[in-house]
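Worksheet for the structure shown next.
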Amino acid sequence: GAGVSQSPSNKVTEKGKDVELRCDPISGHTALYWYRQRLGQGLEFLIYFQGNSAPDKSGLPSDRFSAERTGESVSTLTIQRTQQEDSAVYLCARGGTAGGSDTQYFGPGTRLTVL
Amino acid sequence: QKEVEQDPGPLSVPEGAIVSLNCTYSNSAFQYFMWYRQYSRKGPELLMYTYSSGNKEDGRFTAQVDKSSKYISLFIRDSQPSDSATYLCAMSAIGDYKLSFGAGTTVTVRA
């Protein structure tokens, strides 16, 4: 596989509830990304972690979204006060190298449904 | 206008046919070009990676990049039912870790 596991695989929640999504990459890869994939659309960048550097949060759509990662370990994406438009597949990717440039290897995703 | 345009299809072909997929883009700084395959309810899987212009072949798959036209293609020869999936193009500029994705083209190969 891609060396990235995500949990849960599916999450159904009610509007207004908070959810926490987990990404667990294999060790040895400092770069970690979160993307959102809405039905029939391409992947939207959310946030990027690189080692102990400050994360790039420029893709987070609102302050209801936050993410954490300590070092090269597990990352969690938290969505507070979920809305129906948050329904999507949330994908986590680890960094890799191909031909001298970073590329990304994805986990299976968490399918979030907000009722 | 989206930075990366990709016809969502769907595309349906008989087994053994050549599948032709393409993307256009607007950002001339893009130098790295990738194709991902995504099976239903799975994460995207890196299929092909190319740098700058030119062709790259890997088994039944050929990726082409024409930077002058801002146009990339993926060809699948001797298509198989197992090739049925959504194909996503992605690209990035030098030094930019963010990937810009197309919307994906859904392909069905009929046995």
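Quick caveat: nothing in here was measured; it's all calculated off a predicted structure. Each chain gets a letter, A, B and so on, in the order the sequences are listed, and its residues count up from 1.
Hydrophobic cluster membership is shared by B:I94 and A:Y33, with clusters built from Ile, Leu, Val, Met, Phe, Trp and Tyr side chains linked at under 4.5 angstrom. Criterion: ILVMFWY side-chain heavy atoms under 4.5 Å apart, direct or through other members. Under it, B:L46 and B:Y87 are not part of a common hydrophobic cluster. Residues B:Y36 and B:M91 are members of separate hydrophobic clusters, defined by side-chain heavy-atom contacts under 4.5 angstrom among Ile, Leu, Val, Met, Phe, Trp and Tyr. Hydrophobic clustering, with ILVMFWY side chains joined whenever heavy atoms are under 4.5 angstrom apart, keeps B:F61 apart from B:Y49. Under the 4.5 Å side-chain contact rule for hydrophobic residues, B:L88 and B:V19 do not share a cluster.
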- Applying side-chain contact (heavy atoms from CB on, under 4.5 Å), run through A:Y35 and B:F101 and close with a yes or a no. CA-CA 11 Å; A:Y35 287 85; B:F101 281 85; 3.9 Å; yes

- Message: Please determine whether side-chain contact (heavy atoms from CB on, under 4.5 Å) holds for the pair A:N10 and B:R41, giving the CA-CA distance in whole Å, both sets of side-chain angles, and the decisive distance to 0.1 Å.
- Response: CA-CA 10 Å; A:N10 285 282; B:R41 295 186 174 267; 4.1 Å; yes

- Stepwise side-chain contact (heavy atoms from CB on, under 4.5 Å) check, A:F45 with B:L99: CA-CA 8 Å; A:F45 167 80; B:L99 293 180; over 6 Å; no

- Query: Are B:Y97 and A:D56 close enough, and set up right, to give a side-chain contact (heavy atoms from CB on, under 4.5 Å), and what steps lead you there?
  - Reply: CA-CA 10 Å; B:Y97 43 80; A:D56 178 351; 2.5 Å; yes

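Only the side chain of B:Q38 comes within less than 4.5 Å of a heavy atom in chain A; its backbone stays farther off. Looking at B:P44, the atoms closer than 4.5 Å to chain A (heavy atoms on both sides) sit in the backbone and in the side chain alike. Contacts between A:S9 and chain B at a heavy-atom distance below 4.5 Å are absent for every atom of the residue. Both the backbone and the side chain of A:L43 come within contact range of chain B, each with at least one heavy atom under 4.5 Å from a heavy atom of that chain. For A:Q37, the part lying under 4.5 angstrom from a heavy atom of chain B is the side chain only.
Your options are A:R38, A:R111, A:Q6, and the one with the most heavy-atom pairs under 4.5 Å with chain B is A:R111.
Within a 6.0 Å sphere centred on NZ of A:K11, heavy atoms belonging to other residues, nucleotides or ligands number 12 at most. The 12-atom threshold is exceeded at CD of B:Q80, counting heavy atoms of other residues, nucleotides or ligands nearer than 6.0 Å. Environment of CG in A:L39: sparse, with no more than 12 heavy atoms of neighbouring residues, nucleotides or ligands closer than 6.0 Å. Within 6.0 Å of the CD atom in A:E85, the count of heavy atoms belonging to other residues, nucleotides or ligands exceeds 12.
Expressed to the nearest 0.5 Å, how far CD of B:E45 lies from CZ of A:F106 amounts to 12.0 Å. With values rounded to the nearest 0.5 angstrom, B:S100 atom OG is found 11.5 Å from A:E44 atom CD. The distance from atom NZ of B:K2 to atom CD of A:Q41, rounded to the nearest 0.5 Å, is 6.0 Å.
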